[in-house]
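Numbers here simply count residues along the sequence, with the first being 1.
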Amino acid sequence: MDRDGAGEGDSEQMEDDLIGQSEKVKELQEQIHQTQDENRHLTKDRDRLRKELDSLREAMSAMEKNDSLFNGPNYRDQLRDSLKQVSEYKQKWQLVDGDKSRLEAQIQRFELMTKRLRKQVEDLEKNEEELKSKNRKSARELRQAQTEIGQLREDNEHLQKRID
């Protein structure tokens, strides 16, 4: 009877572990989804910044072709502002690229963690099935033993009556 109680406790513990692991897998999947969304957003930002940088470069080359702009009083200010913008865009681009790399690494970690947790869930489910099978077998053996005990008691009573 103690074995049955321990089996049920193990089964309940396995079920609790299984539920906990399933919740972790769901949380990781949600984090992966959020990270992928953030990655897509950063990729769009990077592409947008790249296009802006290209358009600024084109504008700079167009300005260089136009000699009249080189002779104007605002040329140095415009050039300084344009170079400042180019520098800012380069920094933003580097930041976005770094964030993208960080997010990709995080996605890989989450995917590995999810894979490991799924394997654990499968193992726990397998162990749970084995415990249930053992529990059914033990219950069947217990019923058979109780039936045999009942028959032996009847036989004993019958023999006791014959002796008396």
Between [atom1] of [X] and [atom2] of [Y], what distance do you get to the nearest 0.5 Å?
| X | Y | atom1 | atom2 | value |
| --- | --- | --- | --- | --- |
| Glu27 | Ser22 | CD | OG | 11.0 Å |
| Leu117 | Lys24 | CG | NZ | 6.5 Å |
| Leu142 | Ile149 | CG | CD1 | 8.5 Å |
| Gln108 | Leu112 | CD | CG | 7.5 Å |
| Phe110 | Glu30 | CZ | CD | 11.0 Å |
| Lys132 | Asn135 | NZ | CG | 10.0 Å |

- Worked check of side chain to side chain contact (heavy atoms under 4.5 Å, CB included) between Gln106 and Leu103: CA-CA 5 Å; Gln106 195 174 21; Leu103 290 172; 3.5 Å; yes
Would [X] and [Y] show up in the same hydrophobic cluster when neighbours are defined by side-chain heavy atoms closer than 4.5 Å?
| X | Y | answer |
| --- | --- | --- |
| Val121 | Leu131 | yes |
| Ile107 | Val96 | no |
| Leu79 | Tyr89 | no |
| Ile32 | Met113 | yes |

[Y] and [X], any side-chain heavy atoms less than 4.5 Å apart:
| X | Y | result |
| --- | --- | --- |
| Thr114 | Glu111 | no |
| Lys137 | Lys134 | no |
| Glu154 | His158 | no |
| Gln34 | Glu38 | no |

Going by an N to O cut-off under 4.0 Å, is there a salt bridge joining [X] and [Y]?
| X | Y | value |
| --- | --- | --- |
| Arg50 | Asp54 | no |
| Arg80 | Asp77 | yes |
| Arg48 | Glu52 | yes |

- Item | Partners meeting salt bridge (Lys or Arg N to Asp or Glu O under 4.0 Å) with Arg143 (sequence neighbours left out) |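 With neighbours one apart ignored, the set is empty.
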- Excluding sequence neighbours, so at least two apart, what forms salt bridge (Lys or Arg N to Asp or Glu O under 4.0 Å) with Glu88?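 Expected list: none.
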- Query: Going by atom types only, do Asp37 and His41 share a side-chain donor-acceptor pair under 3.5 Å?
  - Reply: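 Checked: Asp37/His41 side chains show no N/O donor-acceptor pair below 3.5 Å.
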- Short side-chain donor-acceptor distance under 3.5 Å, Asp17 and Gln13: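 Short answer, yes.
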- Message: So, using side chain to side chain contact (heavy atoms under 4.5 Å, CB included) as the criterion, who are the partners of Lys26 when residues are at least two apart?
- Response: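 Side chain to side chain contact (heavy atoms under 4.5 Å, CB included) check on Lys26 returns nothing, list empty.
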- Closest approach of Leu42 and Lys100, non-hydrogen atoms and distance?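 For Leu42 and Lys100, the tightest heavy-atom pair comes out as CD1-N, 4.2 Å.
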- Task: Check for a donor-acceptor pair, side chain of Ser82 on one end and backbone N or O of Gln78 on the other, with a separation under 3.5 Å.
- Result: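 Such a contact is found between Ser82 side chain and Gln78 backbone.
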- Where the side chain of Thr43 meets the backbone of Asn39, is there a donor-acceptor pair that is under 3.5 Å apart?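 At least one qualifying donor-acceptor pair exists.
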- Message: Just to verify, which of Arg116, Arg118, Glu122 counts as forming a side-chain contact (heavy atoms from CB on, under 4.5 Å) with Gln120?
- Response: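 Among the candidates, only Arg116 passes.
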